[in-house]
Amino acid sequence: MLAKLDSLEQKFIELEKELSAPDIFQDQEKYKKVSKAHAELEEIVTTYREYKKLTQQLEESQELLKDPELKDLAEEEIKTLKKELTALEERLKILLVPKDPLDEKNIILEIRAGTGGEEAALFAADLFRMYSRYAEKKGWKVEIMDSHETGTGGFKEIIANISGKQVYSRLKYESGVHRVQRVPATESQGRIHTSAVTVAILPEAEEVDIEINPSDLRIDVYRSSGPGGQSVNTTDSAVRITHIPTGLVVTCQDEKSQHKNKAKALKVLRARLLQIKQEEQKKELDENRRSQVGSGDRSERIRTYNFPQGRVTDHRINLTIYNLEAVLEGELDQVIDPLIQFFQAEALKAEAIS
């Protein structure tokens with residue numbers, strides 16, 4: 001591990017020299033490439049330098065053990081340094097695990113009501129609000145791509161683009177079935193109902209990631225329906241795009257402009273095609289990586305939101321938090337951070353075995 005870290009530090013130094021060269025700005029493409037490589041190495045090199053500094057301090061403290069007057073002080077210092085070094089070593093192991101190349105990407109968020117009728121649709125709206133609040137706290141931008149509302153303020157389906165710094169890296173583990181247990185407003189007997197909503201997190205695909213042949217598309221335009229201004233409902237601005245080879249169908253009617261709706265629909269289509277491409281490349285991996293959300297049945301779930309108990313439980317890591325209201329207000333880091341730590345540890349185990 002130390003040899004690998006030495007090599008990365010040397011590479012980091014070389015990149016710093018390149019960035020300080022006066023002619024680097026004349027080639028913007030090269031500057032972006034070098035800057036990105038430098039930024040990717042910065043955290044691990046900074047951590048490694050701290051590790052080396054503490055290792056040197058530990059050696060010096062061990063030398064002080066020979067001095068009877070400083071022995072007690074040195075022993076206390078050694079104990080503290082060893083604890084800090086162990087933590088840094090674990091951090092370095094995680095940083096050495098190959099990063100997911102998609103982590104920096106923006107995402108397409110798809111939320112669909114599953115089992116539970118109107119109550120599921122209402123909870124789909126709750127989840128969209130939760131992710132929107134979380135995005136706001138992170139300084140991300142949320143743009144609705146398409147939605148199908150119900151008469152009571154719920155969503156049968158809502159699709160949105162979330163853009164910002166490391167969006168996919170923070171939200172990629174949200175894909176799956178989210179189960180809600182609560183007493184619906186329409187329930188006169190006070191009985192708790194269980195409903196399910198599916199969430200899919202798709203990394204946004206660039207044109208260079210997915211090349212779409214225009215001849216593979218059938219594009220239909222039609223009159224928008226549902227809430228909206230007069231022009232939304234009286235012009236053929238809604239767009240339906242069918243990808244003939246896969247049979248994928250994407251619709252968008254949120255904008256008054258047909259051109260804007262088409263651009264949004266193509267963005268969603270690229271993300272879905274990228275997902276298919278990834279699934280084909282990783283068929284040998286866990287089924288969860290190939291099929292993100294399941295059928296939407298109550299029994300399939302990654303997380304349960306229990307309103308009577310004010311509890312959120314993530315079943316993948318047996319995490320339970322009695323802070324449901326805060327989570328639904330977008331305080332998601334208390335759920336997401338443990339998930340990231342768990343999957344990083346799993347990746348570390350896999351790396352060690354390989």
Side-chain angles (χ1 to χ4, degrees), residues 107-135 142-162 171-202 224-228 238 240 247-254 261 264-265 267-269 271-272 275 288 291-309 311-316 324-325 327-330 332 335:
I107 67 158
I108 303 296
L109 166 69
E110 299 186 346
I111 302 175
R112 294 184 177 86
T115 310
E118 188 60 37
E119 177 62 15
L122 288 169
F123 192 60
D126 290 339
L127 286 183
F128 179 68
R129 181 175 178 273
M130 177 182 77
Y131 290 122
S132 297
R133 288 291 179 92
Y134 183 65
V142 179
E143 181 184 13
I144 295 176
M145 315 288 283
D146 196 22
S147 63
H148 296 87
E149 294 182 47
T150 62
T152 58
F155 288 110
K156 290 181 181 177
E157 174 186 67
I158 183 163
I159 301 171
N161 178 227
I162 303 182
L171 292 180
K172 62 183 174 182
Y173 301 120
E174 292 300 295
S175 295
V177 175
H178 294 240
R179 187 176 66 174
V180 59
Q181 295 172 328
R182 64 183 174 187
V183 179
T186 55
E187 172 56 60
S188 59
Q189 303 297 319
R191 290 174 298 187
I192 297 171
H193 287 221
T194 298
S195 306
V197 171
T198 60
V199 173
I201 304 293
L202 310 178
S224 300
S225 61
R240 181 190 299 112
L248 283 174
V249 178
V250 178
T251 62
C252 187
Q253 60 176 12
D254 271 40
N261 281 329
K264 282 186 173 184
K267 186 178 285 191
V268 175
L269 179 62
R272 291 184 184 171
Q275 183 194 26
N288 288 334
S291 178
Q292 288 191 23
V293 299
S295 66
D297 183 77
R298 291 185 186 92
S299 61
E300 299 175 357
R301 75 278 190 270
I302 62 164
R303 191 175 298 151
T304 295
Y305 304 76
N306 185 296
F307 278 73
Q309 297 176 14
R311 163 174 65 83
V312 179
T313 299
D314 195 288
H315 304 284
R316 294 164 294 180
L324 173 61
E325 188 176 336
V327 170
L328 290 175
E329 285 297 317
L332 267 176
V335 182

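These numbers were taken from a predicted model, which means no experiment stands behind them.
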Trainee: If you compare all heavy atoms of Met145 against all heavy atoms of Val268, which two are closest, and at what distance to 0.1 Å?
Mentor: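 Result for this residue pair: CE-CG2, 3.8 Å.
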Trainee: Measuring only between side-chain heavy atoms, which start at C-beta, is Ile111 closer than 4.5 Å to Glu157?
Mentor: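 Side-chain contact under 4.5 Å: no.
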Trainee: Give the intermediate values and the outcome of side-chain contact (heavy atoms from CB on, under 4.5 Å) for residues Phe307 and Val183.
Mentor: CA-CA 8 Å; Phe307 278 73; Val183 179; over 6 Å; no
Trainee: With heavy-atom distances below 4.5 Å as the criterion, would you say the side chains of Arg182 and Leu324 are in contact?
Mentor: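 Heavy-atom side-chain distance check fails, nothing below 4.5 Å.
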Trainee: Excluding sequence neighbours, so at least two apart, what forms salt bridge (charged side-chain N to carboxylate O under 4.0 Å, His left out) with Glu110?
Mentor: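 Glu110 satisfies salt bridge (charged side-chain N to carboxylate O under 4.0 Å, His left out) with Arg112, Arg272 only.
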Trainee: Not counting sequence neighbours, which residues clear side-chain contact (heavy atoms from CB on, under 4.5 Å) with Gln181? List them please.
Mentor: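 So Gln181 forms a side-chain contact (heavy atoms from CB on, under 4.5 Å) with Arg179, Ile192, Thr194, Thr304, Asn306, Arg311.
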Trainee: With Ala125, which residues qualify under side-chain contact (heavy atoms from CB on, under 4.5 Å), at least two apart?
Mentor: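 For Ala125, the residues satisfying side-chain contact (heavy atoms from CB on, under 4.5 Å) (neighbours in sequence not counted) are Phe155.
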Trainee: Looking only at heavy atoms, which two atoms of Ala196 and Val177 are closest? And how far apart?
Mentor: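 Smallest heavy-atom distance, with atoms named: CB-CG1, 3.9 Å.
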Trainee: Looking at Ile162 and Ala135, what are the two nearest heavy atoms and their distance?
Mentor: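 Closest approach of Ile162 to Ala135, heavy atoms only: CG2-CB, 4.3 Å.
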Trainee: Working note: Phe128 + Ile144, criterion side-chain contact (heavy atoms from CB on, under 4.5 Å); need CA distance, chi angles, decisive distance, verdict.
Mentor: CA-CA 10 Å; Phe128 179 68; Ile144 295 176; 3.8 Å; yes
Trainee: Per the side chain to side chain contact (heavy atoms under 4.5 Å, CB included) rule, which among Val199, Ile158, Ile107, Val142 passes with Tyr131?
Mentor: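 Between Tyr131 and the candidates, side chain to side chain contact (heavy atoms under 4.5 Å, CB included) is satisfied uniquely by Val199.
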Trainee: Among all residues two or more places apart in sequence or in another chain, which pass the side-chain contact (heavy atoms from CB on, under 4.5 Å) test with Thr152?
Mentor: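 Listed in chain order: Glu118, Leu122, Thr150.
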Trainee: Would you name the heavy atoms of Leu171 and Ile201 that are closest together and state the gap between them?
Mentor: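 Answer, listing the atom of Leu171 first, then Ile201: O-CG1, 3.3 Å.
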Trainee: What distance do Asn161 atom CG and Lys267 atom NZ have between them, rounded to the nearest 0.5 Å?
Mentor: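 It comes to 4.5 Å.
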Trainee: Where is the tightest heavy-atom contact between Val197 and Ala113, given as atom of each residue plus distance?
Mentor: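 For Val197 and Ala113, the tightest heavy-atom pair comes out as CG2-CA, 4.4 Å.
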Trainee: Determine, for Glu149 against Lys156, whether the closest basic-nitrogen to carboxylate-oxygen distance falls under 4.0 angstrom.
Mentor: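 No.
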Trainee: Please list, chain by chain and in numerical order, all residues satisfying ring pair (Phe, Tyr, Trp, His ring centres under 6.0 Å) with Phe123, sequence neighbours excluded.
Mentor: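 In terms of ring pair (Phe, Tyr, Trp, His ring centres under 6.0 Å), with neighbours along the sequence ignored, Phe123 is linked to Tyr305.
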Trainee: Between Gln275 and Ile108, is a side-chain contact (heavy atoms from CB on, under 4.5 Å) present by the stated rule, with each step listed?
Mentor: CA-CA 11 Å; Gln275 183 194 26; Ile108 303 296; over 6 Å; no
Trainee: Identify the heavy atoms of Arg191 and Pro184 that sit nearest to each other, and give their distance.
Mentor: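 Shortest heavy-atom contact: O-CD, 3.8 Å.
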Trainee: Going by salt bridge (charged side-chain N to carboxylate O under 4.0 Å, His left out), name the residues that satisfy it together with Arg303, two or more places apart in sequence or in a different chain.
Mentor: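 So Arg303 forms a salt bridge (charged side-chain N to carboxylate O under 4.0 Å, His left out) with Glu174, Asp314.
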